[in-house]
Protein chains: 2
Amino acid sequence: MEETRRSRGRPSQFDAQIALETAMELFWAQGYEGTSMAELTEAMNINKPSLYAAFGSKENLFKLALEHYLKGSISFISAALQAPTAYEVVQQLLLNSARFLTQEDKPAGCMVNLGSLSCGKEAAPVQQVLIARRKQFEAALLQRFERAQAEGELTAGTQAADLAKYVATLHQGMSIQAASGASREALEALVNMVLANWPGKKAAELHLEN
Amino acid sequence: MEETRRSRGRPSQFDAQIALETAMELFWAQGYEGTSMAELTEAMNINKPSLYAAFGSKENLFKLALEHYLKGSISFISAALQAPTAYEVVQQLLLNSARFLTQEDKPAGCMVNLGSLSCGKEAAPVQQVLIARRKQFEAALLQRFERAQAEGELTAGTQAADLAKYVATLHQGMSIQAASGASREALEALVNMVLANWPGKKAAELHLEN
DNA sequence: ATATTTAATTACCAATCGGTACATAAATTA
DNA sequence: TAATTTATGTACCGATTGGTAATTAAATAT
């Protein structure tokens, strides 16, 4: 089944996906500027010329590591976005985020939200990519809340855009909390409090939900 | 009147406070790792030996620049904490933050919240100082909300600790929003939404849930 | 076997990093 | 004026930065 046409020259001694996983964890934990190519080559166990041949440059390696990160983390996000109600979307999203942001075997916080927030000019391209991803996340929330609004789910005065920015802001704040040492339990308590005061619903409806 | 005893040797050609202001803006915008001593010496218009003689090291310069930042930004925070009710505390704090984080002539976002979130091992001491400052801010909020609770202001089920973490998290998220290009108006709309759903405000309705 | 293709290895590049030695300039004190 | 004190300017330090040239090793194709 796995008969992928042997390539011609000397075979690679590393698996690109595994190498990207290692690069991802380093960039995730230490950021773009805080991670040197020397650290990367040692952790990935690849010589520098091989690494450059495979991934192009430090900047490109970061972008590929970011895509790898999104592949692994976007699953529970897109799953949450498919929940039947806006409330359940936020519930799933934030509760799962509280856990994701405090995984024991992974860096704390979200790679997209924490990366290159303040950085030198050399890191500007990477910074722009991360900003775009943050906006993309908020746009996905907006789209989902607009649907909820069309389905008559939200209260009259509630703006879908404000709601999307509210959830995105909470998610980003939770990343800083996690990176600053907040425990999983503390984040979960925070999320439960947010859910108990969810703006999209009236108190009476909230009572029925639980 | 300003008869401050002339020092003995050759006089400094720079004002330490003005120099710190410049260093602060650079570190604020580009972070600790993203700002080089070469950039600093040029922007501050001080030779490297003079800079080292005056401020010790890059790490120490950052810490002094941070203290300078706090001196300038902590005023509206401590003023907000003295508002008569918890609601007004949050109102003043977040509305003023929305403006502070989007000043036109200053870097976007909060230097404490955005600095060294992910960084290399060399920046670890600076990272720890920033984490401590974030915790200090949340602790000040906690203290204020505990007072509000003692004054019978909050509903029975509301934990002051959760409330403090909620506001701190929002403030941190707003910093990322500002750093990612969010406008002042968008942040103000967000804050107004948060205030409209402030847990202590509609106490009677929310009390039904728990 | 030989040629060809591709990767690994070693050694190296100019540029920049944070930090300093050394000599000089400008002030006060004696 | 001479001695002392402090800051300045120049020139430099070893280490590290991201990135490569050139050679060798290991596979397939002819």
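Just so it is clear, the model here is predicted, and its values are computed rather than measured. Atom set for the values below is all heavy atoms of this structure, side chains included, hydrogens, waters and symmetry mates excluded. So you know, we letter chains A, B, ... as the sequences are listed, proteins then strands, and number each from 1.
Counting heavy atoms of neighbouring residues, nucleotides and ligands inside a 6.0 Å radius, atom CD of B/E42 does not exceed 12 of them.
The CZ-C1' distance, from A/F55 to D/dT20, rounds to 18 Å in whole Å. Following rounding to the nearest Å, B/M44 (CE) and D/dT8 (C1') show an atom-to-atom distance of 15 Å. When the C1' atom of C/dC17 is taken as reference, atom OH of B/Y32 falls 11 Å away, rounded to whole Å. To the nearest angstrom, P of D/dT16 lies 18 Å from CD of A/E122. Atom CZ in B/F27 sits roughly 9 Å away from atom P in C/dG18 (whole-Å rounding). Distance, A/K121 NZ to C/dC17 P: 11 Å, rounded to whole Å. To the nearest angstrom, C1' of D/dA7 lies 15 Å from CG of B/D15. Rounded to an integer number of Å, the gap from A/N60 CG to D/dG19 P is 10 Å.
Within 4.0 Å of B/T35, counting heavy atoms only, lie sugar-phosphate atoms of the nucleic acid but no base atom.
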Pair A/T158, A/Y166 - check side chain to side chain contact (heavy atoms under 4.5 Å, CB included), show working. CA-CA 12 Å; A/T158 311; A/Y166 176 61; over 6 Å; no

Evaluate salt bridge (Lys or Arg N to Asp or Glu O under 4.0 Å) for B/R147 paired with B/E151, printing each intermediate quantity in order. CA-CA 6 Å; B/R147 188 188 116 193; B/E151 290 170 350; 3.2 Å; yes

Full working for side chain to side chain contact (heavy atoms under 4.5 Å, CB included) between A/V167 and A/W198: CA-CA 10 Å; A/V167 174; A/W198 173 239; 4.0 Å; yes

Once each nucleotide of nucleotides 2-12 of chain C is scored for protein heavy atoms under 4.0 Å, what B/S/- sequence comes out, 5' to 3'? --BBBBBBB--

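The two residues B/A168 and A/Q177 have their closest heavy-atom pair at CB-NE2, 4.0 Å. Looking at every heavy atom in both residues, A/R134 comes nearest to B/S180 through NH1-OG, 3.0 Å.
In summary, B/K63 and B/E59 engage in a salt bridge, as defined by a charged side-chain N under 4.0 Å from a carboxylate O. B/K58 and B/E122 are not joined by a salt bridge, as no carboxylate oxygen comes within less than 4.0 angstrom of a charged side-chain nitrogen.
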Under the 3.5 Å Watson-Crick or G-U criterion, the dot-bracket string of DNA chain C, with | for inter-strand pairs: ||||||||||||||||||||||||||||||

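Just one residue in the list A/Q143, A/K165, A/R133 forms a side chain to side chain donor-acceptor pair (under 3.5 Å) with A/E138, and that residue is A/K165.
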